[in-house]
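Working notes, beginning with the structure itself.
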Amino acid sequence: VDFVDPERRVKGKNLRKNAVALKLRRDSLAEELRILYVAMTRAEEKLIMTGVVKNPEKTAAALLPLRRRKKSLLPYDVLLGQESFLSLLLSALSGSRCLDGFYEACGMETAPDASDYAADMAFAVKLTGWDHVVGEKIEETVLGMEAKKKLLSSESGQAVDEGLMTELSRRFSYEYPHENLRDLYTKTTVSELKIAGMQETDEAAAKLFEEKPAVPYLPKFLRGDETVSGSMRGSAFHKVMELFDFSKVTDEVNKNRQAAEALLGEQMERMLQTGRLPLSYYEAVSVPKLVDFLTGRAAFRMAEAARAGKLFKEQPFVMGLAANRLRSSFPAEETVLIQGIIDVFFEEEDGFVVLDYKTDAVSCAEELVKRYQVQLAYYSEALAQIYGYEPGMGGKPVKERILYSFKLGQEITVIAPQDEPASIWL
């Protein structure tokens, strides 16, 4: 803190504060020098730096004490007194011949007797002003107009360089040999592939997933009351299912709605109290619809898998696919990475079961199947790769795919399409 003498009514910095301030300034200068060094050493061929000086003559005069220094390195007190990258560089170059043009423009003599004047600093310093920049631009524009006028007014019978014309024709008619790779991506998500698949089969359904324009963020106190969006409600259902302890779902809970509702309420309260479930999610979910799921067959099977340690929720994955599987024009030797997150899958005696929760506002099960069968196919293939399943070679296949619709309160078994590879589905 500052030194204060209430009797003399004086205040000032004490020795400790001055020492700390000096240390902070030294550390800051060291960091700025490192940043400048990194920035200047990244150029491979040419480095162009610009700086603005309000009074060039005053800036040049300030360099006068440094021009005839005997040592190349800047003194410590000079380094500590610099306030910008430009002043650092000008101070370092003050005795070099690369600043001759700057000194002459400011009406000063050069410094040929400086210790490092003859050294090749590989710098070229140029002082320019707004008038000069505008003049260069005008000159460039005039030359361009004259060249265009000359070309347009040339006589058609003028001698033509046939070799040059042939070379120009060859260059302008060049066609990129790998045009089929224009849209090839190295990584994508299952959701993007799902949308692409729907655009091919069902344009009306695909419009549900069109990217929405960005909306500026507003804090909650400015937004006021908001209705719960469909995406938020879907996220709330998924979060509750992710955090729910299915090992607690006994036969009694599965068969009794009151017991299921009591277990659900107890667990959701705990999620809320521990901060794992946001209040907005807590209020967005429909308890009756969750109870419908907990009293269904899928929840009973998940509970058995959970007690056996074979239930897996919100599992991320990344897998590689041959590019021609995504588009026939892509080469088979190229690999595209596919990433996604499986809502839930569990292992039973004869194979794996993949289950995906859906909150879409649909009127029938066929709509959901049409939208998400591609997504489930990729999930199944990912599990086959992760667990090393190959037909006839051992391992467990993905035996069943289930979509659960909270809107319909229904489990929907998705049958594999006829053209899907057998390695995915058996």
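All values below come from the heavy atoms of this structure, side chains included, with hydrogens, waters and symmetry mates left out. These numbers were taken from a predicted model, which means no experiment stands behind them.
- Between Thr59 and Leu86, every side-chain heavy-atom pair lies at or beyond the 4.5 Å cut-off.
- Residues Leu99 and Leu63 meet the side-chain proximity criterion, which asks for heavy atoms closer than 4.5 Å.
- Taken to the nearest 0.5 Å, the CD atom of Glu400 stands 4.0 Å off from the CD1 atom of Ile402.
- Met232 approaches Ser280 most closely through the heavy-atom pair CE-CB, 3.1 Å.
- Atom OH of Tyr76 sits in a crowded spot, with more than 12 heavy atoms from other residues, nucleotides or ligands closer than 6.0 Å.
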Practice item. Let me see the working for Phe346 and Glu304 under side chain to side chain contact (heavy atoms under 4.5 Å, CB included), right down to the final yes or no. Key: CA-CA 9 Å; Phe346 52 93; Glu304 290 188 327; over 6 Å; no
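- For the atom pair His238 NE2 and Ile341 CD1, the distance stands at 10.0 Å (nearest 0.5 Å).
- Note on Glu367 versus Arg371: salt bridge recorded, some NZ/NE/NH1/NH2 to OD/OE distance being below 4.0 Å.
- Using a 4.5 Å heavy-atom cutoff, the side chains of Val344 and Met302 are in contact.
- Distance check, rounded to the nearest 0.5 Å: CD of Glu32 to CG of Leu88 gives 9.0 Å.
- Heavy atoms from other residues, nucleotides or ligands lying under 6.0 Å from CD of Glu83 number 12 at most.
- The backbone N or O of Tyr387 lies less than 3.5 Å from no partner atom in the side chain of Lys396, so there is not a single donor-acceptor pair.
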Exercise for review: Report the C-alpha separation of Glu242 and Lys239 in whole Å, then their side-chain angles, then the decisive distance to 0.1 Å, and conclude whether the salt bridge (Lys or Arg N to Asp or Glu O under 4.0 Å) test is met.
Suggested key: CA-CA 5 Å; Glu242 177 189 356; Lys239 192 63 177 178; 3.6 Å; yes
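- A distance of 11.5 Å separates CG in Leu89 from OG in Ser94, rounded to the nearest 0.5 Å.
- The two atoms that bring Ala60 and Phe102 nearest to each other are CB-CE2, 3.8 Å, heavy atoms only.
- Within a 6.0 Å radius of CZ in Arg307, more than 12 heavy atoms belonging to other residues, nucleotides or ligands are found.
- Salt bridge present: Lys399 and Glu348 bring a charged side-chain N and a carboxylate O closer than 4.0 Å.
- Taken from NZ in Lys289 to CZ in Arg233, the straight-line distance is 9.5 Å, to the nearest 0.5 Å.
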Review point. Between Ile342 and Leu383, does a side chain to side chain contact (heavy atoms under 4.5 Å, CB included) hold up when you go through it step by step?
Key: CA-CA 10 Å; Ile342 304 176; Leu383 286 179; 4.0 Å; yes
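- Between the side chain of Asn14 and the backbone N or O of Val1, at least one donor-acceptor pair lies under 3.5 Å.
- Two residues are said to be in side-chain contact when any heavy atoms from C-beta on lie closer than 4.5 Å; Gln385 and Phe317 fail this criterion.
- For the residue pair Gly320 and Thr335, the shortest heavy atom distance occurs at CA-CG2, 3.9 Å.
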Review point. Would Glu334 and Leu184 satisfy side chain to side chain contact (heavy atoms under 4.5 Å, CB included), going step by step from the backbone distance to the final call?
Key: CA-CA 9 Å; Glu334 294 287 344; Leu184 178 62; 3.9 Å; yes
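- The shortest side-chain heavy-atom distance between Leu93 and Phe123 falls under the 4.5 Å cut-off.
- Taking the six-membered ring wherever Trp is involved, the centroid distance between the rings of Phe345 and Tyr379 does not fall below 6.0 Å.
- A heavy-atom distance below 4.5 Å is found between the side chains of Gln339 and Lys187.
- The distance from atom CD1 of Ile138 to atom CG of Leu143, rounded to the nearest 0.5 Å, is 12.0 Å.
- Between Leu127 and Cys106, some side-chain heavy-atom pair lies under the 4.5 Å cut-off.
- With salt bridges taken as basic N to acidic carboxylate O contacts below 4.0 Å, none links Arg301 and Glu411.
- Every residue two or more places apart in sequence or in another chain that forms a side chain to side chain contact (heavy atoms under 4.5 Å, CB included) with Tyr282 is listed here: Met268, Glu269, Leu272, Leu277, Leu279.
- Shortest non-hydrogen contact noted between Leu368 and Leu403 is O-CD1, 3.7 Å.
- The two residues Gly234 and Thr359 make their nearest non-hydrogen contact at CA-OG1, 3.4 Å.
- Annotation for Tyr174: atom OH counts as buried by contact number, over 12 foreign heavy atoms lying within 6.0 Å.
- Note on Lys149 versus Glu146: no salt bridge recorded, every NZ/NE/NH1/NH2 to OD/OE distance being 4.0 Å or above.
- Between Leu36 and Met49 the shortest side-chain heavy-atom distance falls below 4.5 Å.
- Lys407 and Asp360 are not joined by a salt bridge, as no carboxylate oxygen comes within less than 4.0 angstrom of a charged side-chain nitrogen.
- More than 12 heavy-atom neighbours from other residues, nucleotides or ligands sit within 6.0 angstrom of CD on Glu31.
- With ring centers used as reference points, Tyr357 lies 6.0 Å or more from Phe237.
- Between Arg170 and Glu167, at least one side-chain nitrogen of the basic residue sits less than 4.0 Å from a carboxylate oxygen of the acidic one, meeting the salt-bridge criterion.
- Across all non-hydrogen atoms, the minimal contact from Ala365 to Ile412 is CB-CD1, 3.6 Å.
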Exercise for review: In sequence, state the C-alpha distance, the side-chain angles, and the governing distance for Met271 and Tyr281, and then conclude on side chain to side chain contact (heavy atoms under 4.5 Å, CB included).
Suggested key: CA-CA 11 Å; Met271 298 172 197; Tyr281 282 14; over 6 Å; no
